[in-house]
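Values reported hereafter were calculated over all heavy atoms of this structure, with side chains retained and with hydrogens, waters and symmetry mates removed.
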Amino acid sequence: MAKILIAYFSRAGENYVNGDIKNLPRGNTEIVAEFIQKAVGGDLFKIETVKEYPADYTECTIVAKDELHKQVRPELKNYLDSVAEYDTIFLGYPCWWSYPPMAVATFLERYNFAGKKIIPFTTHEGSGLGSSVGFIKKLARGAEVKASLEIHGAEAARSESQAARFAKNSV
């Protein structure tokens, strides 16, 4: 049986939800990551930056957009020793301006994914996957990037059956 890693970036606090700014106690991507783990097992790894994003949603978007335009690689709080023991990596993130947050780029560039199966999943408020899968393929050289799951962020808490079905069909 494949050894599974579920690595994800998620942001709690002020988030854009169906046209409004709402304070989320847990990030949408974290919720979906936990649904995936419940369905297929595996190890959870939360991708977190040393320098936290601003709590204010608008300020966060300014910082995140600047990171994207400058292709910044923010330092992460924690790193895995390697991904060598994993066969399958579910990679979760919110889709910001068509791309994963740059912290996901930091994660992808840190490890050797050759021969690994990467299964992206994203939460979004209308952009879907955007250009994120191509971005992942570029950074995770040698990985087989499989079909992806996209969940509308406002529906994340009610997506357990969808996430479980996707995860079970992906491993």
Side-chain angles (χ1 to χ4, degrees), residues 1-49 52-53 57 60 64 76-80 83 85-108 110-111 113 116-137 139-140 143-171:
M1 184 159 179
K3 177 89 175 174
I4 298 170
L5 172 66
I6 304 146
Y8 67 94
F9 177 91
S10 192
R11 183 175 178 278
E14 284 189 4
N15 276 274
Y16 185 78
V17 179
N18 285 336
D20 295 317
I21 305 300
K22 296 191 177 181
N23 193 0
L24 304 179
R26 293 175 54 229
N28 293 323
T29 308
E30 181 172 23
I31 292 168
V32 176
E34 290 172 356
F35 289 156
I36 290 170
Q37 183 191 40
K38 183 178 174 185
V40 296
D43 298 329
L44 281 175
F45 179 76
K46 187 172 186 178
I47 299 169
E48 299 177 278
T49 56
E52 292 188 14
Y53 288 96
Y57 175 77
C60 177
L76 304 183
K77 284 184 182 180
N78 299 300
Y79 295 93
L80 298 165
V83 295
E85 68 182 281
Y86 299 103
D87 305 300
T88 301
I89 296 119
F90 285 90
L91 181 64
Y93 49 90
C95 197
W96 292 351
W97 301 283
S98 199
Y99 293 94
M102 290 297 98
V104 173
T106 302
F107 175 81
L108 289 171
R110 174 110 179 166
Y111 304 104
F113 290 99
K116 307 294 181 192
K117 179 167 62 171
I118 296 180
I119 305 165
F121 65 98
T122 188
T123 56
H124 64 91
E125 280 300 314
S127 64
L129 289 162
S131 299
S132 66
V133 174
F135 184 77
I136 291 166
K137 287 178 179 179
L139 296 180
E144 179 185 7
V145 180
K146 302 297 278 183
S148 308
L149 173 67
E150 52 186 87
I151 301 275
H152 185 248
E155 303 299 319
R158 295 182 297 279
S159 70
E160 184 170 7
S161 63
Q162 181 184 5
R165 187 172 45 258
F166 169 78
K168 287 175 184 176
N169 288 334
S170 297
V171 291

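- Inter-residue side-chain proximity for L91 and F107 is flagged as met; some heavy-atom pair is nearer than 4.5 Å.
- With sequence neighbours left out, the side chain to side chain contact (heavy atoms under 4.5 Å, CB included) criterion links Y99 to L68, S131, F135.
- Residues satisfying the salt bridge (charged side-chain N to carboxylate O under 4.0 Å, His left out) test with E30, not counting sequence neighbours, are K46.
- Here the CG atom belonging to D20 is positioned 12.0 Å from the CD atom belonging to E14, to the nearest 0.5 angstrom.
- Y111 contributes atom OH, which lies 4.0 Å from atom CG of L80 (distance to the nearest 0.5 angstrom).
- S132 OG to W97 CH2: the interatomic distance, rounded to the nearest 0.5 Å, is 14.5 Å.
- The closest side-chain heavy-atom distance from L44 to Y8 is below 4.5 Å.
- When all heavy atoms are compared, the tightest approach of P120 to V145 is CG-CG1, 3.8 Å.
- Nearest heavy atom pair, residue V32 against residue S159, reads CG2-OG, 3.7 Å.
- Heavy-atom minimum distance, I6 versus G41: CD1-O, 3.4 Å.
- If you take CG on L108 and NZ on K137, they are separated by 13.5 Å, rounding to the nearest 0.5 Å.
- Using a 4.5 Å cut-off on side-chain heavy atoms (C-beta onward), P94 and N28 make no contact.
- When all heavy atoms are compared, the tightest approach of A140 to I118 is CB-CD1, 3.5 Å.
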Review item, side-chain donor-acceptor pairs of residues 122-130, under 3.5 Å, at least two apart:
from, atom 1, to, atom 2, distance (Å)
T122, OG1, Y93, O, 2.8
T122, OG1, C95, N, 3.3
T123, OG1, T29, OG1, 2.7
H124, ND1, G126, N, 2.9
H124, ND1, S127, N, 3.4
H124, ND1, G128, N, 3.1
E125, OE1, N18, N, 2.9
E125, OE1, H152, NE2, 3.2
E125, OE2, A154, N, 3.0

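- Considering every non-hydrogen atom in both L5 and F45, the closest pair reads CD1-CB, 3.9 Å.
- Between Y79 and T106 the shortest side-chain heavy-atom distance falls below 4.5 Å.
- When all heavy atoms of K116 and E85 are compared, the pair lying nearest together is NZ-N, 4.5 Å.
- Annotation: the span from M102 atom CE to F9 atom CZ amounts to 10.5 Å, rounded to 0.5 Å.
- Two residues are said to be in side-chain contact when any heavy atoms from C-beta on lie closer than 4.5 Å; D43 and Y86 meet this criterion.
- In terms of the salt bridge (charged side-chain N to carboxylate O under 4.0 Å, His left out) criterion, residue partners of E52 (sequence neighbours excluded) are, by chain and number, K77.
- Counting heavy atoms from C-beta outward, C60 and R11 have side chains that approach closer than 4.5 Å.
- Remark: side-chain polar atoms of Q37 are paired, donor with acceptor, to backbone N or O of G42 under 3.5 angstrom.
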With a 3.5 Å cut-off and sequence neighbours excluded, list the donor-acceptor pairs that the side chains of residues 160-171 form with protein atoms.
from, atom 1, to, atom 2, distance (Å)
E160, OE2, K38, NZ, 2.9
N169, ND2, R165, O, 3.2
S170, OG, F166, O, 2.7

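- Looking at heavy atoms from C-beta onward, F121 lies out of side-chain contact with I151 at the 4.5 angstrom threshold.
- In terms of the salt bridge (charged side-chain N to carboxylate O under 4.0 Å, His left out) criterion, residue partners of R26 (sequence neighbours excluded) are, by chain and number, E34.
- Taking CD from E48 and CG from L76, the interatomic distance works out to 9.0 Å, rounded to the nearest 0.5 Å.
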